[in-house]
Amino acid sequence: MDKYKVVIAGRIMPPALAAIQEQCEVLQWDRPVPPTLSQLTRWLQDAEGLFVLPNIAVNEELLAAAPKLRVIAQPAVGYDNIDIQACTNRKIPFGNTPGVLVETTADLAFGLLLTAARRIHEGWDWVRAGKWQPGASLPLGVDLYGKTLGIVGLGAIGTAVARRAQASGMKVIYHNRRPRPNHEVLGVEYRLFEDLLTEADFIVVLTPLTPESRGLFGAKEFARMKPTVYFINAARGAVVDTQALYNALADGQIAYAALDVTDPEPLPADHPLIKLPNILIAPHIGSATTETRNKMALLAAENLLLGLAGKPLVTCVNTEVNYRQQKA
Ligand code: GLV
């Protein structure tokens with residue numbers, strides 16, 4: 001049997017690569033810098049499947065250069081880099097990897113909150129710099145216990161963050177476009193967006209990046225928050241207006257920020273955000289454990305191979321095209 005022709009647009013976890021290579025002839029981009037559009041389109045001329053990564057835009061132009069493409073898979077839950085409508089128009093199912101990264105990403109989001117509140121990272125810097133001397137002490141942190149956490153975007157990861165916060169004695173409020181029908185069983189309360197901003201002591205952002213959520217947190221929103229608020233973004237950098245966040249932190253309008261995502265990404269080493277004293281930035285490592293990255297890559301590989309075989313993907317975003325494939 002002829003092997004399927006597949007492009008893998010970056011480095012992926014070895015077990016997933018091995019699973020794909022068993023059934024496919026693979027062209028893999030293996031340099032650290034992502035391929036340009038023209039490099040990728042040259043490779044895609046004959047490709048039936050594309051295993052893509054979140055730092056690459058899949059748009060009309062790219063799809064137009066890939067006439068044989070039948071499936072696209074990406075090892076990430078977010079898919080703001082993918083023009084879903086363009087994929088659907090071409091009847092190409094797109095698979096993401098929800099579910100498998102929930103607890104790992106919740107650990108990181110809550111870990112950022114806890115680390116910032118208790119200044120763990122500042123403490124380590126201080127010890128390493130030889131400042132732990134008799135009589136010297138670090139600026140004090142703040143308690144989680146008895147405080148209110150506001151989650152913006154209460155999906156599976158937000159629910160897992162809520163559980164962690166409740167275990168630390170926090171009250172949890174949330175905002176989604178619509179209240180969740182079962183929210184009482186989670187022990188959380190719904191708030192309008194503006195009310196959450198004024199009430200929360202800690203805000204965790206987990207909303208996907210969409211045209212509606214782009215720039216959701218700007219000067220007006222930071223101005224509504226308590227001056228003591230800790231602001232945590234574990235969603236996408238562009239949900240926040242970076243300049244407005246910088247101003248709010250620099251002017252003491254809010255107390256602290258902890259970010260797993262930034263706009264731009266990667267954040268240049270000389271970016272003004274990095275020079276602020278009241279910020280903690282992680283390099284987009286929400287799902288970055290060996291176990292979870294393997295699960296994500298294997299699920300994406302499974303989606304890719306199913307799509308190539310004309311079968312429905314396990315986790316498909318544009319389900320209308322997934323079903324059509326099934327009937328074919
Ligand atoms: C990571 O940011 C993801 O979307 O999986």
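Counting starts at 1 for both ligands and their atoms, in listed order. Since this is a predicted model, take the numbers as computed values, not measurements.
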If the condition is salt bridge (charged side-chain N to carboxylate O under 4.0 Å, His left out), which residues does E122 pass it with, not counting sequence neighbours?
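Residues passing salt bridge (charged side-chain N to carboxylate O under 4.0 Å, His left out) with E122: R119.
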Close side-chain approach of E103 to R164, heavy-atom, < 4.5 Å
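Result yes, sub-4.5 Å side-chain heavy-atom pair found.
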Just list the N/O pairs, ligand 1 to protein, that are under 3.5 Å apart, with the distance for each.
residue  : atom  : partner : partner atom : Å
ligand 1 : 2 (O) : R236    : NH1          : 2.8
ligand 1 : 2 (O) : H284    : NE2          : 2.7
ligand 1 : 4 (O) : V77     : N            : 3.4
ligand 1 : 4 (O) : G78     : N            : 2.7
ligand 1 : 4 (O) : R236    : NH2          : 2.8
ligand 1 : 5 (O) : V77     : N            : 2.8

Can R128 be said to sit on top of W126's aromatic six-ring, NZ or CZ under 6.0 Å from centre and within 45° of the ring axis?
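No - R128 does not lie over the ring of W126 by the 6.0 Å and 45° rule.
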What about F231 and F217, are their ring centers closer than 6.0 Å?
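Ring centroids of F231 and F217 are less than 6.0 Å from each other.
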Could you tell me if the ring centre of Y174 sits under 6.0 Å from that of Y190?
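Distance test on ring centres: under 6.0 Å, yes.
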Parallel, tilted or perpendicular, judged at 30° and 60°: which one describes the rings of H121 and Y256?
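Perpendicular.
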